[in-house]
Amino acid sequence: MSEIIKRQVGPRGCGYPIEGGFYIEAIGAVGGMLPRFVSIDPALPWHFSRGVTIVDGDFILEQGQIKTESEAAFNWERRQALTPLVKLLFSEHAQIIQDHIEQFHRELIVALDEHGFAKEDDGGAEAFQKTIERIKQSEKSLRRLAPHVQVGGKNAAQQRVRAA
Amino acid sequence: MSKKGTGKLFSLREAENLMGRRYHVLRRFGPMLPQDEGKIVNLKHTPSGYLLLFAARQRSDASRYKSTSISPREMLCLREIEVAEPVDLLISCGEEFWHTPEDLIREINVMGFSHRLPSNFDARRVRRGASRVFLGHQKAIMQIGKGTIEGLLAYLQGVKDPLVTRVLQRPFIHPPSRFLELPSPLRERVLRKFHISFEYGIFGYVYASAATYYLKANQSELPAQAAQRGYIGVRAKRIKEKAVIDDGEIIRKPGKDGEVA
């Protein structure tokens, strides 16, 4: 039987959620690492579309600027947290490419997910370490992470192609 | 992959299905070269259907994109290489519910974000912590037709009204919302005097935490069809307080004046 969340919910700008309705949610800072809301300042002109559309977020962020102080501080903290993992996965001299923190973090979340982190285990520190080891052995995961990493000033993806 | 004739473009459903996936370029078209890797990033409505915008990172500078519009014919130059890619969404937040983008930001800080999806939406590609939900609003972008922002602020500081002073002193994450929250009739006068107009735009994003289905009173478990499409069931009880409480855990309680405590 599927999991059911019991919830008390107050009114939003659009009222209460409707019984039988499907919703997308962003409630709480996911995993304690991600911000509740990230501002795009100034707002980015985009063609109007009603309702919900699938888009490419990286492309949108490339067009816009996310330069609020909180975002800069958040990215600095995130770089500090992710750098040891990059070194572990690639090499001692590996670094995340400037402006690729968001993409690297996203690919890492996907890789952790694909290798069963917090699904087939308790999601603790030991399980995390084991999952990182599995990612390190996975050609597919490293191929996805590599375009956002540089080793000694060169893109890790290009170095991997040459090595192959 | 669509194999429709060259005269016809994509339907909205076809276009949305092709978006957010990763493709290899097989044959040269527009600025794209074989071995380029990219995604369909946007769609454009035309009288005969939808054209797609394909973007790939430039080889000389990976921080920049090159893009071109594609019809079903150019689609044959692409080979899909990744279907399990998490998708990002753009949601237009109605002006009738949130008068300004700042209204929605305040609500997110208190209750988190939640928005209804079409009932046929497949949520399997929405991945917790990886999928981003971009937020659009009809009044996200402010254009001043006459004068400057400094002139506008100086004019408002000259108005001796405690309500205006309060709006000017309040912190805003979305600065243009400040002028929409001025008391009436001053707001209309200011918009007219400085020829201010507002346009649709994207003002921020949130990270998706779940796709949920709110159970009906007579449903004791999540319908199998919803579970297959990646939804989690929610049994909700309505409360008057502006809060979301999951199994006793309060997501966040509002402080004074709706600000986050």
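So you know, we letter chains A, B, ... as the sequences are listed, proteins then strands, and number each from 1.
- A:Asp113 and B:Arg128 are not joined by a salt bridge, as no carboxylate oxygen comes within less than 4.0 angstrom of a charged side-chain nitrogen.
- At a 4.5 Å heavy-atom cutoff, the contact between B:Ala210 and chain A is made by backbone and side-chain atoms alike.
- Scanning both residues, A:Ala94 and A:Lys87, for their nearest heavy atoms gives O-NZ, 3.7 Å.
- Closest approach of B:Ala130 and A:Ile109 over heavy atoms only: CB-CG2, 4.1 Å.
- Evaluation of the salt bridge (charged side-chain N to carboxylate O under 4.0 Å, His left out) rule for B:Glu181 yields B:Arg106, B:Arg170 as partners, not counting sequence neighbours.
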Quiz item: Stepwise, does the side chain to side chain contact (heavy atoms under 4.5 Å, CB included) test hold for B:Phe203 with A:Leu44?
Solution: CA-CA 7 Å; B:Phe203 62 94; A:Leu44 181 66; over 6 Å; no
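- Note on A:Glu19, A:Glu107, A:Arg106: by heavy-atom pairs under 4.5 Å with chain B, the leading option is A:Arg106.
- The pair B:Asp122-B:Arg229 does not meet the salt-bridge criterion, since no charged nitrogen lies less than 4.0 angstrom from a carboxylate oxygen.
- Annotation: salt bridge (charged side-chain N to carboxylate O under 4.0 Å, His left out) contacts of B:Arg238 (sequence neighbours excluded): none.
- Separation of the A:Phe22 and B:Tyr231 ring centroids falls under the 6.0 Å cut-off.
- Ranked by heavy-atom pairs under 4.5 Å with chain A, the first of B:Gly201, B:Ala236, B:Ser92 is B:Ser92.
- Contact of A:Ile18 with chain B is made through backbone and side chain together, with heavy-atom distances under 4.5 Å.
- The choice from B:His137, B:His174, B:Met142, B:Lys240 that makes the most heavy-atom pairs within less than 4.5 Å of chain A is B:Lys240.
- Residue contact with chain A, scored on non-hydrogen atoms closer than 4.5 Å, involves the backbone and the side chain of B:Ala217 alike.
- Of the two parts of B:Val133, only the side chain, counted from C-beta on, holds a non-hydrogen atom closer than 4.5 Å to a non-hydrogen atom of chain A.
- Proximity of the aromatic rings of B:Tyr200 and B:Phe198 is defined here by a centroid distance below 6.0 angstrom, and this criterion is not met.
- Highest contact tally toward chain A, considering only B:Pro175, B:Ser114, B:Pro118, is held by B:Ser114 [criterion: heavy-atom pairs under 4.5 Å].
- With chain A as the partner, the residue from B:Val234, B:Val126, B:Ile232 showing the most heavy-atom pairs under 4.5 Å is B:Val234.
- For a heavy-atom cut-off of 4.5 Å, chain A lies close to B:Phe97, B:Trp98 in residues 93-103 of chain B.
- A:Gln103 contributes atom CD, which lies 7.5 Å from atom CG of A:Leu61 (distance to the nearest 0.5 angstrom).
- Neither the backbone nor the side chain of B:Leu104 comes within less than 4.5 Å of any heavy atom of chain A.
- With respect to chain A, the highest number of heavy-atom pairs below 4.5 Å among B:Leu135, B:Leu89, B:Val206 belongs to B:Leu89.
- Across every non-hydrogen atom of A:Ile24 and B:Ala208, the tightest pair is CD1-CB, 4.0 Å.
- With sequence neighbours left out, the side-chain contact (heavy atoms from CB on, under 4.5 Å) criterion links B:Gln219 to B:Tyr213, B:Leu215, B:Lys216, B:Pro223.
- Interface check for chain A: of the options B:Ala140, B:Gly136, B:Ser119, the most heavy-atom pairs under 4.5 Å are formed by B:Ser119.
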